[in-house]
Amino acid sequence: MSRMWSHLSEGYGHLCSIYLKLLRTKMEFHTKNPRFPGNLQMSDRQLDEAGENDVNNFFQLTVEMFDYLECELNLFQMVFSSLDMSRSVSVTAAGQCRLAPLIQVILDCSHLYDYTVKLLFKLHSCLPADTLQGHRDRFLEQFRKLKDLFCRSSNLQYFKRLIQIPQLPENPPNFLRASALSEHISPVVVIPAEASSPDSEPITDLVEMDTASQQSMFDNKFDDIFGSSFSNDPFNFNSQNGMNKDDKDRLIEQLYREISALKEELENFKAESHRLGVRLRGQVSELEAELAEQQHLKQQALDDSDFLRTELEELKKQWEDTEKAQRSLTEIERKAQANEQRYTKLKEKYSELVQNHADLLRKNAEVTKQVTVARQAQGDVEREKKELEDSFQRMSEQAQRKTQEQAEVLETLKRELTASKQEQQALQSTLKSSLQSEAERSTKTAGLEQERDTLVVAVAQRNQEVASLQAELQQLKDTLDSEKESSSRTLETLQIQLGEKESREQALQQRLLDEQFALLQCTVQEAEQIVQDSLNRLDDPTHISCTSSADYLLSRTLAASDCIERLQGVHGKYLSNRSDVSSLLPCVALFAHLISDTILQGSATSHMVPMEPADLLSETCKQCGSEALRYLGALKDEASLGGADCTAVRNCLSQISAIGEELRPKGLDVEQEELGDLVDKEMAATSAAVETAVARIEDMLSKSRAGDTGVKLEVNERILGSCTDLMQAIQVLVLASKDLQREIVESGRGAASPKEFYARNSRWTEGLISASKAVGWGATVMVDAADLVVQGKGKFEELMVCSHEIAASTAQLVAASKVKADKDSANLARLRQASRGVNQATAEVVASTKSGKSQIEEKDSMDFSSMTLTQIKRQEMDSQVRVLELENQLQKERQKLGELRKKHYKLAGVAEGWDEDAAE
């Protein structure tokens, strides 16, 4: 059935086809997932059971929900696209027929959106983010469509009394942050209860009780009037207590009328009660919905408060840990400083001990030297003593020998006693002198022995001092070794702490680098999305209507090239210092925006140029986008970050600039000295053409008044009068443009002549010349068209097209005149006022032309009163044939118009010198 209805392209055929496709998708979904009820209402526990706590099942279930929701959104969009939103379509039968199925679509979409969000959060908790990139992109697209459709549906009067449509959040959920699930609010759709709902029973009982009480009151009143006997049989007229039949009939009729009035009042009361009940039930439903929403918001606020409280506690713990670490770091630094001071003191003490040890070694060397000298002196004394003893022994032996010799001589030489007495006396004197010398020698030997004893005592004292010094030196060495050992242990501890601190600093530095690179990756990813979006828009059919100029494209290309130069410099700085990424991020974002703008402006410019340059420019823009994406991909990857090069992007921009330069208008083929004269000539020719047109219109008006009557005269007078007003408005515009140009030349030329000013601003001058020619030509063509219309030989459409062309030409003249004007100039204000007058006069010409055409057509309307059925059928077939011929002719004329515009652009390019530049 869906395929059958899809063959009908008009009416309800396509809607029925999409609706049947949605039903088929719904049945397939419920067949694959039998745990889901028909209304899709499930709790979170049931949703987990449907996936059987398997991530693969959740992944597949999310894909199926995306397909289901996409079918719902397609029906939604197709229904809205088939409605004319400029009128109140929701109150018409046709509009309500198309909007009725959307109530169930809104219910299903709200549930599918809620389940999709929960499943995506569950998948992000189990799978990496890159794996779910496609799910996120598809969800974002469906989120934007669903939000727009809910917003458009809530404004329709048809839905306001049948369903309460929820509003989606301003921004989509952030699935990369797990805590964002607590911020998610499930959309609640509220449908007011119907009139036959059970809630109306209490009100009905109340109405019945009230009716019963009124009936009992009526019976009591009847008994009071007719007696109690009538309570059993109120219509027994046999015993009437003497009353005649007429009075009873009147009384009965009166009672019937009262009963009818009471019944009507009762019905009104019931209807009013029913309305009140329905309204109260609607209010109760609204209040219940608001209560549910408030409870949900309250629960969400409680969850947020718990989450914030938990985060606050964690932050407090982190702050306490940070303070402890800071205190421990301060204590370690203080100990390190104290140990450093202690080490400095120990080092000074060690230096002092080394100096004292060196002094003691020098003193020990001197004492040893003195002891050696003393020992040498003692050895000399002993040697002298031995020599003296030997000499004394020899003298004693010699004296003994001499005494023996004297005794022998005395015995033999008694005779020579007298002679030898002198010799004896000499010997005695000699003996005495030797004795004296021996005494002196003994005295000297005693002094030497005493001196030896003194030296021995001094040597012993020196040995004791050396031993004490050596003991003190050994003690100092032991103390120094212990101090060295303790200092080495303290130094090792400090080095370990310093190493830990350096490792923590390195870890923090690495973490900072990772976070900054992650920030760079996020920025580059956003830049890739911007460039990719511009490339996607190139294939969008709605982008074909966008146009741009080559000058603006060149300005965008120049800005992008400058941004690339800055980006290269900042990229080099970032490679040398990875800890600072603040200057690279804005350059990357600006690069993406400028490249995207250049691509879009290049594509828009290609819509206004011939086929070959348009294709070349479009391909170059696509290549530029591809190279930009490749460069951004290299920036995003840490391995290829250092080798990222944007030379290819710069080359593409250079090609775009070259193509844009070729597409720029090259000016008129005249000498610069002739530009000033040519401006004056063209402005004068335009004024003359307008004045000639005014004169011709007045002549045509006088001829029409002389030769035409009735409706034709009225139409001609209205059209020619509006044309005269338009020409007068153009004259005012031309005069205002001349005054403004004169002011611009006087204010901008300085000491130069006007011709030199026109030559220096040749581009602006050529624009004035072109605009003036267009105005003069438009005025002449419009007068010719008006002449043919007045004579009955022309077409009203030609006159309307000429009016539009004149409006466009005058707009060009205004734009060319005010481009160099001061914004506060009085002549510029006059020019703008004159431009508005031209636009108003153009609108009057078009309006009068349309009015005259409708009058002429009404006059020539056909009379079908005398035609037979066969003739009417024949005329109908001829009209259908004529319609088809006109549609075919319209299509051909549109193609011809496109070809003419291309040819016009090509000829304008030849006139401006584009072909010459291409040949160069």
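Note that the structure is predicted; figures quoted are calculated from it, not measured.
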Would the distance check show the side chain of [X] and the main-chain N or O of [Y] forming a donor-acceptor pair, the cut-off being under 3.5 Å?
| X | Y | answer |
| --- | --- | --- |
| His135 | Leu120 | no |
| Ser596 | His593 | no |
| Thr131 | Leu127 | no |
| Arg98 | Ser82 | yes |
| Gln46 | Ser43 | yes |
| Asn33 | Arg35 | no |
| Ser603 | Leu600 | no |
| Tyr631 | Ala648 | no |

Could you check whether [X] pairs with [Y] (Lys NZ or Arg NE/NH1/NH2 to Asp/Glu carboxylate O, under 4.0 Å)?
| X | Y | value |
| --- | --- | --- |
| Glu28 | Lys32 | no |
| Arg138 | Glu141 | no |
| Asp130 | Arg136 | no |
| Lys147 | Glu170 | yes |
| Lys324 | Glu320 | no |
| Glu313 | Arg309 | no |

Close side-chain approach of [X] to [Y], heavy-atom, < 4.5 Å:
| X | Y | result |
| --- | --- | --- |
| Leu629 | Ser626 | no |
| Leu146 | Phe143 | no |
| Thr25 | Phe29 | no |
| Ile595 | Ile599 | yes |
| Phe150 | Ile106 | yes |
| Arg275 | Arg279 | no |
| Lys26 | Glu72 | no |
| Arg630 | Glu627 | yes |

Would you please test Asp533 and Arg537 for side-chain contact (heavy atoms from CB on, under 4.5 Å) and show each step? CA-CA 6 Å; Asp533 181 65; Arg537 289 175 62 184; 3.6 Å; yes

Taking all non-hydrogen atoms of both residues, which atom of [X] and which atom of [Y] are closest, and how far apart?
| X | Y | result |
| --- | --- | --- |
| Ser640 | Ala634 | OG-O, 3.1 Å |
| Leu594 | Ala559 | CD1-O, 3.5 Å |
| Leu635 | Phe517 | O-CE1, 4.1 Å |
| Phe80 | Ser153 | CZ-OG, 3.3 Å |
| Asn174 | Phe121 | O-CE2, 3.7 Å |
| Phe76 | Leu102 | CE2-CD1, 3.9 Å |

Side-chain atoms of residues 562-572: list all donor-acceptor pairs with protein atoms under 3.5 Å, sequence neighbours left out, distances to 0.1 Å.
unit_1: Glu565; atom_1: OE2; unit_2: Arg650; atom_2: NE; d: 3.3
unit_1: Gln568; atom_1: OE1; unit_2: Arg650; atom_2: NH2; d: 2.7
unit_1: His571; atom_1: NE2; unit_2: Leu641; atom_2: O; d: 3.1

Distance check, rounded to the nearest 0.5 Å: Lys122 atom NZ versus Thr62 atom OG1? 10.5 Å

NE2 on His124 to CZ on Arg177, rounded to 0.5 Å: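 Answer rounded to 0.5 Å: 13.0 Å.
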
Would you call the rings of Tyr68 and His30 parallel, tilted or perpendicular, where under 30° means parallel and over 60° means perpendicular? perpendicular

Do Asn56 and Gln60 have side-chain atoms, one donor and one acceptor, less than 3.5 Å apart?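 The criterion, which ignores hydrogens and geometry beyond distance, is not satisfied for Gln60 and Asn56.
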
Between His184 and Asp114, do the side chains contain a donor N or O and an acceptor N or O under 3.5 Å apart? yes

side-chain contact (heavy atoms from CB on, under 4.5 Å) against Gln104, all qualifying residues, sequence neighbours excluded: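 Leu107, Asp108.
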
Working note: Leu132 + Phe59, criterion side-chain contact (heavy atoms from CB on, under 4.5 Å); need CA distance, chi angles, decisive distance, verdict. CA-CA 9 Å; Leu132 300 172; Phe59 191 92; 3.8 Å; yes

Decide yes or no on side-chain contact (heavy atoms from CB on, under 4.5 Å) for Leu61 and Phe36, but give the supporting numbers first. CA-CA 11 Å; Leu61 182 59; Phe36 280 84; 3.9 Å; yes

Would you sort out whether Val63 and Asp67 count as a side-chain contact (heavy atoms from CB on, under 4.5 Å), showing the intermediate values? CA-CA 6 Å; Val63 174; Asp67 296 338; 4.1 Å; yes

